[in-house]
Amino acid sequence: MKYKKYYKIIQEQAERFDKAQNCGVGQTWKYHLEPVVKNACMLAERYGADRDVVEVAALFHDYADLLDFANRDNHHILGAELAEGFLAEDGFSQEFIDKVKLCIRNHRGSVVHEKLSIEEICVADADAMSHLDSVVELICWRAYLGEDIMTANNFVKGKIKKSYAKMSPRTQELMKDKYESIMKVLF
């Protein structure tokens with residue numbers, strides 16, 4: 001694994017986050033972060049993007065959230081700066097660092113920024129895809145928070161709709177069957 005150091009940093013911080021949130025240790029990695037990385041790398045290969053930029057950006061895309069969920073509103077900005085610190089310390093070129101930072105800054109669906117590179121699209125789309133891949137985890141999370149079935153269902157349905165809408169048209173086509181199946185199950 002090329003970026004073993006970064007995988008270790010993110011996985012360990014995800015475990016600390018899970019403990020702080022009183023959820024199963026490994027849950028955040030297994031149901032969100034790992035699927036984002038896998039989907040981002042798959043899209044990079046499919047779309048001809050720089051896989052290294054995409055993989056590193058996908059790893060760090062929610063890093064600021066893992067450090068403190070209070071960072072939620074600005075996690076894309078803070079996460080980009082934190083990633084820069086790691087990458088600069090490890091001797092990556094400023095060009096590589098800037099590409100990674102753009103991907104992290106522009107991955108959020110709720111903060112719409114034009115994605116100018118295929119790498120940015122891959123990371124943002126992979127983040128959205130992870131929500132479709134982990135619908136059951138989203139429902140369980142809402143139940144854990146104490147929501148009733150209808151409230152949890154409405155939250156998840158809205159999250160899935162927003163996630164699908166934020167995907168690029170190419171990725172929407174790739175995920176269309178899964179999206180439609182999920183929407184049939186939710187009420």
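In this text, all values refer to a predicted model and were calculated from it rather than measured experimentally.
At least one donor-acceptor pair closer than 3.5 Å links the side chain of N153 to the backbone N or O of F187. Side chain of K101 to main chain of A57: no donor-acceptor pair is present (N/O by atom type, distance under 3.5 Å, no hydrogens or angles). Put simply, the side chain of D148 gets close to the backbone of T151: a donor and an acceptor are under 3.5 Å apart. Using modelled atom types, one side-chain atom of D50 and one backbone atom of V53 make a donor-acceptor pair closer than 3.5 Å. Checking side-chain atoms of D127 against main-chain N and O of V123 turns up no donor-acceptor pair under 3.5 Å. Looking only at distances, no side-chain donor or acceptor of T171 sits under 3.5 Å from a matching main-chain atom of M167. Judged purely by atom type and a 3.5 angstrom limit, E81 has no side-chain atom pairing as donor or acceptor with the backbone of L78. With hydrogens and angles ignored, the 3.5 Å screen pairs no side-chain donor or acceptor of Y6 with any backbone N or O of V56. When atom types are taken as modelled, the side chain of S181 and the backbone of D177 share a donor-acceptor pair closer than 3.5 angstrom. A side-chain donor-acceptor contact under 3.5 Å links S134 to the backbone of Y31.
Under the 4.0 Å criterion applied to side-chain N and carboxylate O atoms, E180 and K184 are not assigned as salt-bridge partners.
Using modelled atom types, one finds no donor on one side chain facing an acceptor on the other under 3.5 Å when comparing D125 with N39. One side chain, Y7 or E55, offers a donor N or O that lies under 3.5 Å from an acceptor on the other. Between E120 and N106, the side chains place a donor N or O and an acceptor N or O closer than 3.5 Å (distance only, hydrogens not considered). At a cut-off of 3.5 Å, with distance as the only test, a side-chain donor of E84 or Q94 sits close to an acceptor on the other residue.
A side-chain contact (heavy atoms from CB on, under 4.5 Å) with K8 is found for one member of Q11, E12, K4, K5 and no other, namely E12. Shown are D98, L102, I104; of these, the side-chain contact (heavy atoms from CB on, under 4.5 Å) with V100 is made only by I104.
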key: Candidate pair R16 and L66, rule side-chain contact (heavy atoms from CB on, under 4.5 Å), full reasoning   = CA-CA 8 Å; R16 286 189 286 277; L66 298 175; over 6 Å; no

query = What do the steps show when you test M183 against K178 for side-chain contact (heavy atoms from CB on, under 4.5 Å), and what is the final call?
reply = CA-CA 9 Å; M183 295 311 283; K178 184 179 272 194; over 6 Å; no

request  = Begin from the C-alpha positions of L174 and R46 and carry the test side-chain contact (heavy atoms from CB on, under 4.5 Å) through to its verdict.
outcome  = CA-CA 11 Å; L174 186 67; R46 181 179 279 254; 3.5 Å; yes

ask   = Under the side-chain contact (heavy atoms from CB on, under 4.5 Å) criterion, do W29 and I10 qualify, and how do the steps go?
value = CA-CA 8 Å; W29 174 258; I10 301 302; 4.0 Å; yes

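For an aromatic pair to be called close, the ring centres must be under 6.0 Å apart, and H32 with H131 satisfies this.
Proximity of D52 to F96: side-chain heavy atoms (C-beta onward) are separated by under 4.5 Å at one or more points.
Hydrophobic clustering (side-chain heavy atoms under 4.5 Å, transitive across Ile, Leu, Val, Met, Phe, Trp, Tyr) keeps I77 apart from I97.
Note on ring orientation: taking the six-membered ring where Trp is involved, the planes of F92 and Y3 are tilted (angle from 30° to 60°).
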